[in-house]
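Every chain is numbered from 1 and lettered A, B, ... according to where its sequence line falls, protein lines coming before strand lines. From a predicted model like this one, the values you see are computed outputs, not experimental measurements. Note: hydrogens, waters and symmetry copies are ignored here, and every other heavy atom, side chains too, is used.
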2 protein chains.
Amino acid sequence: MRKAQYTMQDIANQLGISKSTVSRALKNHPDISQETKDAVNKLAEEMDYQPNSLALSLRHKKSFVLGIIVPEIVHDFFANVISGVQSVAYEEGYNVMICISNESPEQEKVDVKAMYSSRVDGLLISLTKETKDLASLQSIINKGVPTVMFDRVAEELEVSKVITDDFQGAFMATEHLINQGCKKIVHLSGPNNLAISKLRLKGYMAALDKNNIAVDESLIVPCPKGDLDEGKEVTKGILNSGLDFDAIFANNDVSAIGAMNALKEEGKKIPEDVSVVGFGDWRLSQLLDPPLSSIEQSGFDIGLQAAKLLFEQIKAEEKDIEFSPRTEVVQNNLIKRASSLH
Amino acid sequence: MRKAQYTMQDIANQLGISKSTVSRALKNHPDISQETKDAVNKLAEEMDYQPNSLALSLRHKKSFVLGIIVPEIVHDFFANVISGVQSVAYEEGYNVMICISNESPEQEKVDVKAMYSSRVDGLLISLTKETKDLASLQSIINKGVPTVMFDRVAEELEVSKVITDDFQGAFMATEHLINQGCKKIVHLSGPNNLAISKLRLKGYMAALDKNNIAVDESLIVPCPKGDLDEGKEVTKGILNSGLDFDAIFANNDVSAIGAMNALKEEGKKIPEDVSVVGFGDWRLSQLLDPPLSSIEQSGFDIGLQAAKLLFEQIKAEEKDIEFSPRTEVVQNNLIKRASSLH
DNA sequence: TTGTATGCGTTATCAA
DNA sequence: TTGATAACGCATACAA
């Protein structure tokens, strides 16, 4: 049977004082005599007394818990986000409660309600791919729970958001290739309907433009599925078509790997014959042979920024200051190839 | 300013009834008239009333929260464990609170205390690599919090544990190679002082033994560091030494990739010339070219088993039944190579 | 310097 | 069928 927890009342009884004195002694209240404090602290130590956060939270209407809802967790990006959030939460003395919506909008709704029931002091959320109904999220926002969306955000909600800079990342990747001397850069582009695909394409074109390289439409090859086989096939296709190119900037990390595999099979050397850069988030870039340059969507930084933004809001609210939602754009990082650049 | 939350008292006031009636109506208590129930439910719906779990927890001395402490989260294995735990927790109507000890024993202690302060109904923990002092963990166990350790467990604690079957996994990997016709199987072995290395080596030897293949000591090559370069160098070394072999079973996934890279550089075909199997946990096995067979330490299953074991214990305790700690061993899975086996 | 009383939101016991 | 009250563990306004 689970032992009853020790409470302040227990300490008070043993010492023959009142529980409010114990309460004050434990938090080093100036009114309490050193003598009493010492006695209380000593006994608390002996009994291994641990305060009950639940009672505290109820009392203060503040749980010191942050909620985070992610679509999946077995994914470096989201794992990194959580890691970033945790690091900020720790500093602030907060705990983190996690829900995984599993890409299910229904689960997501349940999660949002659970977060409110747990009275989290703030909520971080990245939406499911299929989330349409924002009612439950809107509802928790209406209830005044500070909320920050990240990565997969909903434009229509008036909350702070943290997103990656897709344009800038693509720009960096492309310019990185240009700086290596590449002039005919293939872009494996993503689905046209996705905002991120468009932004990455724009970044690619902007970099070319800045460096006075004309955009060649035939170098922009769609890779909508973004899987390994597609990347491989598409790359073999352009190799066989005789298209002249000296680099590939892939919209997607998996497409990039597919492309690398195709290049190697066709006897091309990387990066001597063709340089490849991918856009994505995966620590295994360095396990590939040769290692792949990549534009990393820094999940950690996103988590960091999102959590900081959330705390700004939480603190503003505590002080009853108005807080205007804003959107932070997190810079991407170019993970340099381990081998030398040509 | 954060709006005040609605409480049962608010519903009661508006309806001119008492809060206890509201409480009963909301949980469909048989004593309450249908009329009242309908009125209460309707108003609760309108006000978007959400019960306060904190008050509930305090009242019931039960938080419906599971705590999980992992050394890191940006790691497929632990991410999978969390995923497995979540799936069980959801079914039981529990939430999950996560702490990341970041491989720091100090942080771990803080986390354990935080978990107790939050009055989690159960704790899952995988230790830091350097954890020596188990006092805080012992303390929370003494307080009667159901606890299950997984993967990195401490022998000396009398709690349930869930671990992977290293012997069986290595046995499977080796027999998989034998079944493909391999007879001279190199084993890239891990650090001698680690229990898992020994178990994997024993599994390798047992499989050979069962299949009447003599153990050749020269085929057992140490790869203590387990990094990419080591795997590559060691493999090149054995290739240059003229050692005759037709397969590699690597103790570690990264060593396996290093080995593959070396083989490819030396013009060996995989799996035609040499078959490779790794021991580890990484979804990218299928992104490699060729995809690598691997013995997967199923983090998800570990999480599943650990959580189930934990709930068994929680429920036994609620019913005041005594519960004896036990250790579950989770079977590994062999992820088959996508290409055909020879 | 310390004690008493009250409330946080909920449920359960006992009356009505 | 409903209401009043106490209790969960803690902090604080007010008394002493």
- Within this structure, what is the NZ-to-P distance between K62(A) and dG9(C), rounded to whole angstrom? 16 Å
- By salt bridge (charged side-chain N to carboxylate O under 4.0 Å, His left out), which residues pair with K315(B), not counting sequence neighbours? E92(B)
- Message: Distance check needed: dT2(D) P versus M8(B) CE, whole Å only.
- Response: 15 Å
- May I ask you to decide if A79(B)'s main-chain N or O and S83(B)'s side chain share a donor-acceptor pair within less than 3.5 Å? no
- Message: Below the 4.0 Å mark, does dT2(D) have OP1 or OP2 next to a side-chain nitrogen or oxygen of S33(B)?
- Response: yes
- Message: Rounded to whole Å, how long is the line connecting atom CG of L58(A) with atom C1' of dT10(C)?
- Response: 8 Å
- Taking atom types as modelled, find out whether E328(A) and S160(A) have a side-chain donor-acceptor pair closer than 3.5 angstrom. no
- Note on the structure: Here the distance between atom C1' of dA5(C) and atom CD of Q9(A), to the nearest Å, is 13 Å
- Could you tell me whether the side chains of S139(B) and S136(B) share a donor-acceptor contact shorter than 3.5 Å? no
- Strictly below 4.0 Å, heavy-atom distances to any atom of DNA chain C: list the hits from residues 40-57 of chain B, or just say none. Y49(B), P51(B), N52(B), A55(B), L56(B)
- Query: Ring centroid separation for Y6(A) and Y49(A), is it under 6.0 angstrom?
  - Reply: no
- Message: Can you see if the side chain of T21(A) gets near the phosphate of dG3(C) - specifically, an N or O under 4.0 Å from OP1 or OP2?
- Response: yes
- N28(A) CG - dT1(C) P separation (whole Å): 13 Å
Polar atom pairs between nucleotides 12-16 of chain D and protein, under 3.5 Å, N or O only, would you list them?
{"from": "dA13(D)", "atom 1": "N6", "to": "R24(A)", "atom 2": "NH1", "distance (Å)": "3.3"}

- Query: In terms of side-chain geometry, is the basic nitrogen of D151(A) or K161(A) positioned less than 4.0 Å from the acidic oxygen of its partner?
  - Reply: no
- Without hydrogens or angle criteria, can the side chains of S101(A) and S104(A) be said to hold a donor-acceptor pair below 3.5 Å? no
